[in-house]
Structure formats: C-alpha cells, structure tokens
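Hydrogens, waters and symmetry mates play no part in the numbers below; they use all other heavy atoms, side chains included.
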Amino acid sequence: FHNRNLINLPVDKEITNYSREVKDAIFSRVNPQPLVNPKLVAYSNSALQLLGLSNQNNELDNQLTEYFSGNKLIPGSDPAAHCYCGHQFGSFAGQLGDGAAISLGEVINPLNERWELQLKGAGNTPYSRNSDGRKVLRSSIREFLASEFMHGLGIPTTRSATCISSDSTVVRDPMYEGKPINEPCTVISRIAPNFFRFGSFEIFKPKDPYDGPYGREGPSVNNNELKKQLLDHILLYYPHIQSSSNDKTDVYISWFKEVIDRTIQLVARWQAVGFVHGVLNTDNMSIMGLSIDYGPYAFMEAYDSDYVSNGSDGSGRYAFKHQPAVVKWNLKRLAEAIDPLVDLATGYEIIEEVYDNQYESTYQSILSDKLGISQSIYKNHDPKLIDDLLETMQETHADYTDTFYALTLYITDIETNRLSTSEARELLLDRIVDRCFDSNAVIGLLKRKMRIHRLGMKPQQVQQLWEIVSNESEEVISEMFNGAPADAIKREIGEEKRKLDIQMSCARDIELYQSLPANQKKLIDREKW
C-alpha cells in the first residue's frame with residue numbers, strides 16, 4: 001500500500017466515528033466493523049489480479065474472507081472514508097460522503113499499477129447520517145455481477161473482487177411495502193484507480209441564492225485553496241495532462257476536456273447496451289469516466305426509451321432516454337464546482353461546443369458497429385436507420401439485446417447454413433418476432449410503469465389545476481397558492497399532469513392488449529417488422 005490520498009490531502013482531525021459535518025477535509029479515518037462468521041460468496045479472479053493476487057484454485061479463500069470482509073486489516077492499509085456532496089434528483093443535497101464504503105488505500109501491484117481498494121458495506125462512517133453503513137446480500141450480488149459484467153462488455157467501470165456475506169443481520173424492507181425482515185450483512189470489495197466523483201468538488205459549493213434560507217452549502221464552502229489542492233492531486237491520475245503545459249490554467253482546461261470526453265464515451269456505451277443507471281446524481285459520476293455505484297440499475301429487456309429502472313423515480317428524471325441529457329447537466333454542475341480554477345464561462349462554453357455533437361457521433365458509431373455497417377454508409381445512405389430500428393423495437397416491445405443477437409444470425413444462415421436471402425429473411429423475421437414480448441408480458445410492463453409514475457393527488461384535481469395554471473397569469477397563480485412562486489407551482493402541477501397522461505395512456509394500452517385474441521400480437525408485430 002502507498003496511500004497518496006491521505007498523504008496529499010487533508011484528513012479530518014476528529015478520530016471518533018460518529019455522523020457529523022466534516023469541514024476542510026477530504027477524508028476521515030475510520031476502521032471497518034467486523035462481521036459474524038463471514039462467508040465468501042463469490043470472487044472475480046481477474047479483478048483480484050489487479051491487486052497482484054490469484055485465487056484460481058481457491059487457495060486464498062480463508063484470507064480473502066477475513067481481510068476483504070473487514071474482519072482483519074490488511075497490513076499497510078490505512079482505512080478512510082471520503083467526504084463529498086452531490087446534486088440528487090436535480091437539487092443540491094449538501095454533504096453526503098462514503099456512508100457505507102471504506103477505502104483501504106492504494107495497492108501497487110507487480111506491474112507498478114496503482115489500484116484503490118475499497119470495502120462497501122463495512123460499517124458506518126462519519127458520513128452514514130442515519131444509516132448503519134451496511135449492505136445486504138441481494139444488493140451486493142447485484143453490484144458484484146454488474147461491475148464484472150460491464151467490464152466484460154468493455155465499458156469502463158469500477159471492478160468488484162469479492163462478495164462476502166455473514167451471519168450478521170440488519171433490518172430491511174426489500175419491496176418497500178411495510179414488511180421489514182432481517183437480511184444478512186454483506187461486503188463487496190471494489191477496485192478502481194480512484195473513487196473521486198463530480199461531487200468531490202461540490203464540498204466547496206456555496207448556497208444557491210434562489211434557494212432562500214433553506215438552501216444548503218458544502219462543508220468546505222469557498223475553500224478555493226483546498227479545491228486547487230484536490231484538483232492538483234487528481235491530476236496525478238492524468239499524468240499526460242499534468243505535464244502538458246507550464247500554464248496551470250491550460251492544464252486544468254485540458255483535464256476538464258478529457259473528463260467530458262471520457263464521460264461522453266461512457267454514456268454512449270450505456271445507451272448502446274440498454275443500461276439504465278437509475279440514480280445519475282452528481283455524487284454517482286466518476287471523475288475518471290467509470291460506471292460507479294450500481295444501485296437500482298437495469299439492463300433494459302423490452303425496448304422502451306421511457307424505461308425507468310428506479311422505482312422511486314416517479315418523475316422519470318433518470319429514464320433511459322434522458323441519460324445523455326442528465327450527464328450533460330451533471331457536467332455543468334462540475335463546471336460550476338471547479339470554478340475559478342477553470343472559469344465558469346469557459347467551462348460552460350467547452351461543454352456546449354463539444355458535448356452534443358460528440359455524443360451523437362460516438363453513439364452512432366457504436367450502433368453502426370452493432371449493426372455491422374460502416375458509419376459512412378449509415379450517414380450517406382440511411383441516416384434514419386437506427387431511429388427506425390429503435391422505433392420498431394418500441395412499437396413491438398422487442399427485447400433490446402436479443403434483437404441484435406437475432407440480426408447476427410442472418411449472416412450465419414446465408415454464409416454457413418446456405419439459405420437463400422429470402423429464406424434467411426423469413427427466418428430472421430420469425431426470430432425477431434419471437435423476441436417481442438407477448439400481450440401478458442406487455443401488460444405487466446405497463447402496470448409497472450403505472451406504479452412508478454403514480455399520482456400524488458386525484459386525477460380530477462390534477463386536471464382542474466392544470467387548466468388553471470395553463471390559463472391564468474403568474475400573479476393569479478401565485479395569489480391562489482399563498483404567494484408561492486408561480487414557476488414552481490407550474491412545474492409541480494406540470495409534473496402531475498405528465499404522470500396523469502402516462503396513467504391514462506397505460507390504461508388504454510392495457511385494455512387494448514387484454515382484448516387481443518391469442519397470437520394476434522405476433523401477427524401485428526411481424527407486419528411492423
């Protein structure tokens with residue numbers, strides 16, 4: 001271990017582990033809390049190799065179980081939790097931090113590579129607020145599998161080396177329906193170059209003037225000296241940029257541009273595989289351009305651009321189709337957070353200059369590769385091809401991943417199975433239609449969408465209020481709601497109206513699919529394809 005984070009950056013002077021605001025520090029030292037009878041559930045040998053370890057023949061099972069559960073400290077480790085803030089669902093939430101994750105430090109492997117090793121679910125920290133700092137088996141397995149699967153897909157991600165459960169338990173309500181149960185405490189080990197986030201720079205954020213007396217600020221508000229110290233430290237992970245110029249401002253701008261580029265590459269790859277993160281807050285955006293913090297994520301099955309993986313995202317803010325725009329929004333919050341190291345106007349300008357065109361170009365390139373056509377052919381001959389394909393997937397509720405797989409078999413049928421073009425085409429149609437969800441499955445998806453986008457008031461009230469805010473002046477609207485800002489009232493009512501429209505649309509579609517005769521949907525889907 002050689003932990004540059006704690007050498008180069010200020011550490012909280014308070015050593016007692018209790019929830020608190022941590023000012024003018026980037027880390028707080030804290031030890032993992034032991035588990036009762038830890039058990040190794042799974043491990044990734046390729047991830048362990050990043051640390052210079054191998055458990056190919058299970059010879060390290062006992063050591064991994066003890067040390068990667070947090071029951072024993074690895075010699076040389078220096079455990080600490082990171083202080084950061086974040087915008088959550090569009091609003092600044094103030095101090096957040098590693099409430100359940102504890103970094104053991106940077107491991108230098110035999111290839112002289114540096115990898116930060118972190119234990120997630122290892123107990124409470126100064127940033128746990130009202131939580132217990134524990135994770136349970138079901139959520140830990142999801143993160144373990146997602147991390148390694150994303151790596152296998154070639155998508156930048158944090159890695160997960162081990163998943164270790166135990167006889168220790170915590171109370172959780174898995175389905176959020178008032179039925180709490182005891183679940184086993186589980187720890188996963190995570191590996192990345194570092195775990196800094198966009199929100200790492202938001203600890204310096206002042207209150208927004210439009211938030212009034214209830215606005216929040218970062219715990220190290222306006223500490224520009226520490227902000228510079230943090231950015232200079234992060235440049236260690238960008239050595240090609242660190243030494244690119246003698247002008248520090250030019251270096252910072254080059255770094256910001258690369259963060260934008262990495263982030264664009266990341267979200268384009270998410271869209272290409274149908275990955276929905278679920279909680280794209282600024283505290284869940286890696287400064288290294290990695291997928292990080294796998295919570296209520298999903299890989300989309302039936303294609304739906306409006307798909308929401310997070311059951312608590314009734315606004316649809318983090319729906320599949322919104323991810324590129326939300327990421328751009330988050331980059332703007334990063335631009336604000338690093339000002340004045342990169343002038344805010346310059347930061348905004350860079351984002352506007354490059355983001356939209358670069359994202360679209362990257363996304364089209366990846367989708368063209370998936371379809372087996374060159375970008376030049378796509379652009380010059382059929383620029384609507386991808387849009388038409390996705391639109392047909394949506395109309396027929398085709399399985400996103402399986403449809404692309406079916407397309408790959410078309411060439412196999414012609415070149416290997418020696419089918420004629422017309423025979424291969426008919427077989428391809430059969431395969432694609434077989435991969436479209438049937439009426440009962442679609443009804444299930446629609447009912448789920450209705451549960452997520454549930455109304456906060458009665459439908460009649462929504463309609464009446466919508467008519468009022470659509471037709472009355474801002475002065476009248478504000479007066480009707482005891483002087484509340486008219487724009488805020490319009491947003492709130494508009495959000496309820498959006499949900500009402502979704503409820504009514506889903507109800508109509510459910511009625512339609514319930515009335516379809518058996519196999520009728522297949523015939524309709526085949527015609528559309």
Open item on the list: Given the ring of Tyr359, does Lys328 sit roughly above its face, with NZ or CZ under 6.0 Å from the centre of the six-membered ring and within 45° of the axis?
Closed with: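 No, Lys328 does not sit over the ring of Tyr359.
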- [ ] Assess Arg317 against Trp329: is NZ or CZ under 6.0 Å from the centre of the six-membered ring, and within 45 degrees of the ring's axis?
- [x] yes
Ring centres under 6.0 Å, that's the criterion: do [X] and [Y] meet it?
X: Tyr513; Y: His397; value: yes
X: Phe198; Y: His87; value: no
X: Tyr318; Y: Phe89; value: yes

Just grab all the salt bridge (charged side-chain N to carboxylate O under 4.0 Å, His left out) pairs involving [range], residues at least two apart or on different chains.
range: residues 279-295; result: Arg190-Asp293, Arg197-Asp293
range: residues 389-412; result: Asp402-Arg435
range: residues 74-103; result: Arg29-Asp78

Open item on the list: Could you work out, with side chain to side chain contact (heavy atoms under 4.5 Å, CB included) as the rule, every residue matching Arg142, not counting sequence neighbours?
Closed with: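 In terms of side chain to side chain contact (heavy atoms under 4.5 Å, CB included), with neighbours along the sequence ignored, Arg142 is linked to Tyr297.
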Task: Minimum side-chain heavy-atom gap Arg269-Pro156 below 4.5 Å - done: yes
Task: Gln118 side chain reached by Ile102 side chain, heavy atoms, under 4.5 Å - done: no
- [ ] Could you give me the CA-CA distance, side-chain angles and deciding distance for Tyr84 and Phe201, then say whether ring-ring contact (aromatic ring centres under 6.0 Å, His included) is met?
- [x] CA-CA 7 Å; Tyr84 54 82; Phe201 286 97; over 10 Å; no
Without placing hydrogens or testing angles, list every side-chain donor-acceptor pair under 3.5 Å for residues 174-184, not counting sequence neighbours.
| from | atom 1 | to | atom 2 | distance (Å) |
| --- | --- | --- | --- | --- |
| Glu183 | OE1 | Arg138 | NE | 2.8 |
| Glu183 | OE2 | Arg138 | NE | 3.1 |
| Glu183 | OE2 | Arg138 | NH2 | 2.9 |

Open item on the list: I need the minimum non-hydrogen distance between Ala272 and Tyr363, along with the two atoms involved.
Closed with: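 Residues Ala272 and Tyr363, closest heavy atoms: N-CE1, 4.1 Å.
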Scan the side chains in residues 439-447 for donor-acceptor partners under 3.5 Å anywhere in the protein, sequence neighbours excluded, and list what turns up.
none

